[in-house]
Amino acid sequence: MTPRLILPFFFQSLGNVDSGKSTLIGSLVSATLDDGRGMARSKIIKHKHELNTGRTSSISTHLLGLVRNQEQYQAVTGSSYQDIVLNSDRLVTLMDLAGHEKYLKTTVSGLSRGMCDYALVLVNAGQSSAVTNMTLNHLQLCMHLNIPVIVVFTKSDRSSKHVFQDTKQEVVRKLKGKELGEKKPFMLKNLNDVKLVHNKLGSNLVPMLLTSCLNGDGLDLLRELLALLPQRRLHAKKQRDKPFEYLVEDIYQVPGVGTVLSGFVAHGEWKRGDPLYLGPLKDDSVTRLVPKSVHVAQTLVDMDTLGDESSDRIIFQWSKIKRIAPFPLSIATNPEKTVPTPNEPVCFAIPKLPRGHGRHRKKSLLAEKGMVAKTEPWTLAKTFEANIYLPLGASVTVHCGKFDACLHLLNNKQSAKVIAMRDVRFGTDLDVIRQGNVARVTFEFAKKSYVRQGMRVIVRSGHVVGYGNVVAVY
């Protein structure tokens, strides 16, 4: 039997509040049209207050299965994730992010830890001033993080022709400007246009299409585009030889099982029975433990040699499928197989940890956010250097020793202060850096955390003001 390799693709939905992000994802995932009163949105809403207000305030991920049906791709529906996975030719994970300015820090956290392939930026086609400050901020975030963008105009059923043309011209003007890197927008009108541009998004090309979740206009083109786009982040191929790194995103207490860590494999491989070094705990320590069991996605997988074309097994390579409720999950059937591999969402059931000392003596030492597990012993760091770029338009001046900001490093979000700055080219000390400047900045965290060279840094002080990469850790 020829191996069946389903590659993971990860998309994030961005855009201003009321642009229809949750409605579009709900309509795609459920393969149903909206009724104009929030029916599609209600299928994926995570909290009750989000349903009442119509505003997403949290991060949620949803699986879309696509199967080839004659000349077009159709969405696969099922009662469970296993039905969707086994009947799909293409798996796409859609992350729903918040659009309101009040929840900007949540959106930035999703972009920082998401490791997405592409971003869908939604624009209300019936809104006169469509490119709001939040839409522009989201486009700039994608540009500086090197995430290809697809612009989706929504609510075409509520937009007149002249209003949509004005909205489209405004979006095109912004995309072609220097502020967004002089992009090349291209309007998709039929399936031939989709086939023409699907492998050209690595350049400055930005596809645009008009959709409506009420009458279904443009949804067939969007599904076709999602199905044909090539994988951009080849984690399992280029990150496999690196040391194992597991980013913890959620912690659950499951009756009858105990503590379960849910997260994402960023680097390397882990073999059943190998110990993991988990931290930082609440007392700023790293503990050694051996997981009791491992669960991948929510589907039984028979994992032989990944990518071995001589194998007679069905091979799956998993993306981020779901992290809302980790159970019931299925255990990988082959205990001799190296599991998991990069780009997989994994749940570890870990043994009970001893209680802490002092103020932590009555509480669990597991921190809620920012924990990492590795197969090799590692130490926590509080000070590190990063090359930071303040983009044009960032209305901030960074003073050495007087500037505090919130830093996003993958799944870690923590406040830090600037204790030193140097010129990148000449090495001279700097007292002030402004928009358009690049400097080597030394940060000091409020508490010890996991930092390594090469990690991407997003600097946020209210809005996002800077981007960079870690170059040294102390």
Side-chain angles (χ1 to χ4, degrees), residues 12 14-17 56-59 97-114 119 121 131-147 179-181 368-370 381-424 429-451 454-474:
Q12 292 175 325
L14 299 166
N16 191 38
V17 63
T56 302
S57 61
S58 60
I59 301 171
L97 298 176
H100 198 278
E101 187 174 2
K102 178 181 178 181
Y103 309 112
L104 178 62
K105 61 180 180 181
T106 303
T107 302
V108 176
S109 296
L111 281 168
S112 175
R113 77 188 192 191
V121 179
V131 185
T132 62
N133 288 334
M134 288 308 301
T135 304
L136 195 58
N137 284 335
H138 291 168
L139 288 170
Q140 290 173 340
L141 272 168
C142 295
M143 182 190 72
H144 291 294
L145 298 178
N146 295 321
I147 301 175
E179 197 174 6
L180 294 177
E368 292 184 0
K369 297 179 181 179
K382 195 172 182 179
T383 307
F384 66 94
E385 287 187 358
N387 289 335
I388 299 297
Y389 166 66
L390 303 186
L392 295 174
S395 56
V396 64
T397 301
V398 179
H399 294 269
C400 184
K402 300 179 181 180
F403 182 80
D404 294 343
C406 179
L407 302 186
H408 295 261
L409 291 87
L410 294 182
N411 66 327
N412 184 24
K413 178 180 66 176
Q414 192 179 156
S415 62
K417 63 180 180 180
V418 176
I419 59 177
M421 296 188 300
R422 288 183 295 154
D423 187 278
V424 174
D429 293 336
L430 299 174
D431 294 326
V432 176
I433 58 173
R434 296 182 174 86
Q435 58 176 321
N437 296 154
V438 180
R440 178 163 294 188
V441 182
T442 304
F443 291 100
E444 184 180 49
F445 273 141
K447 59 179 297 184
K448 291 183 178 181
S449 185
Y450 172 69
V451 187
M455 290 181 75
R456 185 175 60 197
V457 182
I458 302 178
V459 184
R460 184 174 59 82
S461 180
H463 290 276
V464 175
V465 297
Y467 308 85
N469 291 283
V470 176
V471 294
V473 182
Y474 304 113

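Nothing fancy with the numbering, it's 1 onward along the sequence.
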- Closest contact, heavy atoms only, M143 versus L180: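 Closest heavy-atom pair between M143 and L180: SD-C, 3.0 Å.
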
Hey, are the side chains of [X] and [Y] touching, using non-hydrogen atoms and a 4.5 Å cut-off?
X	Y	result
V396	F403	yes
I59	T106	yes
C142	L14	yes
L145	I458	yes
H408	S109	yes
R460	K413	yes
I419	T383	yes

Applying side-chain hydrogen bond (donor to acceptor under 3.5 Å, both in side chains), can you list everything that pairs with [X], at least two apart in sequence or on another chain?
X	value
H144	none
T107	none
N411	none

Listed partners of [X] passing side chain to side chain contact (heavy atoms under 4.5 Å, CB included), at least two apart:
X	answer
T56	S22, E50, D96
C400	M421
K447	D284, Q414
H399	T397, K402, V432

Donor-acceptor pairs are to be reported for all side-chain atoms of residues 461-474 against protein atoms at under 3.5 Å, with residues two or more places apart or in another chain.
residue, atom, partner, partner atom, Å
H463, ND1, N137, ND2, 3.4
H463, NE2, E101, OE2, 3.0
Y474, OH, E385, OE2, 2.9

Which value, rounded to the nearest 0.5 Å, describes the distance between [X] atom [atom1] and [Y] atom [atom2]?
X	Y	atom1	atom2	result
L409	R113	CG	CZ	14.0 Å
K105	C406	NZ	SG	8.5 Å
F384	M455	CZ	CE	8.5 Å
L141	S112	CG	OG	10.5 Å

Q. T135 and N16: side-chain donor and acceptor closer than 3.5 Å?
A.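 No, no side-chain donor-acceptor pair sits under 3.5 Å.
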
Just list the side-chain donor-acceptor pairs under 3.5 Å for residues 435-446, sequence neighbours left out, or say none.
residue, atom, partner, partner atom, Å
Q435, OE1, G393, N, 2.6
N437, OD1, R434, N, 2.8
R440, NE, N387, OD1, 3.1

